[in-house]
Amino acid sequence: MSWRDKLWMWGYTQEEIGNPIPFTGSSKSFCSLESAARYFGMNNTVFMNSMHSLERMEENLAFVKDSKQILCGLPHGEANALAGAETISKMSLKFPNIRGIVLDDFLQLSGHPTTPELVRSIREKLRSANPELEIFVVMYSDLNHLDITPYLDLIDGIMLWRWVSTDHFWRAEFSTLLHRFKANYGKKLFHGVYLQNYGEYSSSAHPIDFELWKLQWMKILTSLRGKYAFLDGCVLLQNGWVGNPEFRDHVVWLKDTLEWFCETTTERA
């Protein structure tokens, strides 16, 4: 496996470039999901168009057809989630690089209720046309959640995020958190990084503090390799900010850093 196989770009494809995309406020975006993934050399994409609309899904998936793996966002709400899971299952026959789905805001107490029975039904719909598809769930390490134990037989992976990022968390709590999740749940484990500081500024353009941005990535990359490599992948959110001039320093630094990391990590067969 290439080190770039552990890198995922989260976001939205655009049929018309220069329009705002979800969760970027009124900012115009000139960077579609496939362009951001290509720029960073990320082999995989998290395709979130499907979370908001199943219309023209095939046309937009075609933009990320060169991704090695794709995870598709699932709509919220029981009826929409079930319909989305079935649609994605069928679509995976046309796009065999679809690996599964993402359940966003999973079990967040202030979020959307998701019972084990519903997740079981989603899993059945998801595997109706393709029994190999997987379910990943998004959880935030700094927000309250319900117990995940009843869902362990129904999910395949966890994506952890830190909604409000702090220096203390990344230096003192991050590694322990990964170890705990891996040991307790035994699932594939990804961790995400926000380019935009959503936790403090919502969708009003404001990049994560630059020094904190660098610290996050060095901690995550370290956790992808070595004796204590508890992470199976990392996710960058999202492409809507990548072409924004206010984020340029962060973006250029990350591209250089990922090249350094991947090209200086020797692989043996």
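For Ser92 and Asn130, the side-chain atoms include at least one donor-acceptor pair closer than 3.5 Å. A donor-acceptor pair shorter than 3.5 Å cannot be found between the side chains of Glu200 and His206. For the 3.5 Å distance criterion, the side chains of Ser53 and Glu55 fail to qualify, holding no donor opposite an acceptor. In this model, no donor atom of one side chain and acceptor atom of the other lie less than 3.5 Å apart for Asn97 and Ser67. There is no side-chain donor-acceptor pair under 3.5 Å between Asn43 and Gln69.
In this structure the side chain of Lys28 never reaches within 4.5 angstrom of the side chain of Asn19, judged on heavy atoms. Counting heavy atoms from C-beta on, the side chains of Met9 and Asn239 come closer than 4.5 Å. Counting only heavy atoms from C-beta outward, the side chains of Lys125 and Ile88 never approach each other to under 4.5 Å. Side-chain contact between Phe247 and Val242: absent, with no pair of heavy atoms (C-beta onward) separated by less than 4.5 Å. Looking at Glu15 and Phe63, their side chains come closer than 4.5 Å, going by heavy atoms from C-beta outward. Using a 4.5 Å heavy-atom threshold, the side chains of Lys214 and Trp217 count as separate. With contacts defined as side-chain heavy-atom distances shorter than 4.5 Å, the pair Thr114/Phe106 qualifies. For the pair Ser50 and Leu74, the minimum side-chain heavy-atom distance is 4.5 Å or more.
For Trp241 against Ser203, the heavy-atom pair with the smallest separation is CH2-O, 3.4 Å. Nearest approach of Gly73 to Met48, heavy atoms of both residues: CA-SD, 3.8 Å. The two residues Glu267 and Ser2 come nearest to each other via the heavy atoms OE1-CA, 3.6 Å. In this structure, Glu34 and Val64 approach most closely via the heavy-atom pair CB-CG1, 4.0 Å.
At least one donor-acceptor pair under 3.5 Å links the side chain of Arg123 to the backbone N or O of Leu154. Between the Thr265 side chain and the Phe261 main chain, a donor and an acceptor come within less than 3.5 Å of each other. Between the side chain of Trp213 and the backbone N or O of His250, at least one donor-acceptor pair lies under 3.5 Å. In this structure, Asn49 contributes its side chain and Thr13 its backbone to a donor-acceptor pair below 3.5 Å. Thr24 places no side-chain N or O within donor-acceptor distance of the main-chain N or O of Gly240, the cut-off being under 3.5 Å. Between the side chain of Gln196 and the main chain of Ser202, a donor-acceptor pair closer than 3.5 Å is present. Put simply, the side chain of Ser35 never gets that close to the backbone of Cys31: no donor and acceptor are under 3.5 Å apart. Under a 3.5 Å cut-off, the side chain of Gln14 and the backbone N or O of Ile21 do not form any donor-acceptor pair. Although no hydrogens or angles enter the test, the distance criterion places a donor-acceptor pair under 3.5 Å between the side chain of Asp156 and the main chain of Ile135. A donor-acceptor pair under 3.5 Å is absent between the side-chain atoms of Arg4 and the main chain of Cys262, judged by distance alone.
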Please lay out, stage by stage, how Cys72 and Val102 fare under the test side chain to side chain contact (heavy atoms under 4.5 Å, CB included). CA-CA 6 Å; Cys72 298; Val102 174; over 6 Å; no
What do the steps show when you test Trp161 against Val193 for side chain to side chain contact (heavy atoms under 4.5 Å, CB included), and what is the final call? CA-CA 7 Å; Trp161 298 82; Val193 182; 5.5 Å; no
Between Met159 and Asp104, is a side chain to side chain contact (heavy atoms under 4.5 Å, CB included) present by the stated rule, with each step listed? CA-CA 9 Å; Met159 283 188 188; Asp104 201 11; over 6 Å; no
In sequence, state the C-alpha distance, the side-chain angles, and the governing distance for Val138 and Leu160, and then conclude on side chain to side chain contact (heavy atoms under 4.5 Å, CB included). CA-CA 6 Å; Val138 165; Leu160 283 173; over 6 Å; no
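Relative ring orientation between Tyr140 and Trp163 is described as perpendicular, the plane-to-plane angle rising above 60° on a 0-90° scale split at 30° and 60°. The aromatic rings of Tyr12 and Phe23 lie tilted to each other, with the angle between the two planes from 30° to 60°. Ring-plane geometry between Trp8 and Phe190 is classed as tilted, the angle between the planes lying from 30 to 60 degrees on a 0 to 90 degree scale. Trp170 and Phe174 have tilted rings, their planes meeting at an angle from 30° to 60° on a 0 to 90° scale.
Other residues, nucleotides and ligands contribute only 12 or fewer heavy atoms inside 6.0 Å of the NZ atom of Lys94. More than 12 heavy atoms of other shown residues, nucleotides or ligands fall within 6.0 angstrom of atom CG in Asp256. Within 6.0 Å of atom CZ in Arg248, 12 or fewer heavy atoms from other residues, nucleotides or ligands are found, so the atom counts as exposed in its surroundings.
The distance from the CG atom of Leu212 to the OG1 atom of Thr166 is 7.5 Å, given to the nearest 0.5 Å. Rounding to the nearest 0.5 angstrom, the gap separating the CG atom in Leu71 from the CG atom in Asn44 is 8.0 Å. Between atom CG of residue Leu7 and atom OG1 of residue Thr45 there is a gap of 12.5 Å, rounded to the nearest 0.5 Å. Once rounded to the nearest 0.5 Å, the distance linking CD of Glu124 with CD1 of Ile122 reads 10.5 Å.
Within the structure, side chain to side chain donor-acceptor pair (under 3.5 Å) contacts touching residues 174-189 (residues at least two apart or in different chains) are Glu134-Lys188, Lys182-Asp232.
Under a 4.5 Å side-chain heavy-atom cut-off, the cluster of Ile, Leu, Val, Met, Phe, Trp and Tyr residues that includes Ile17 is completed by Phe30.
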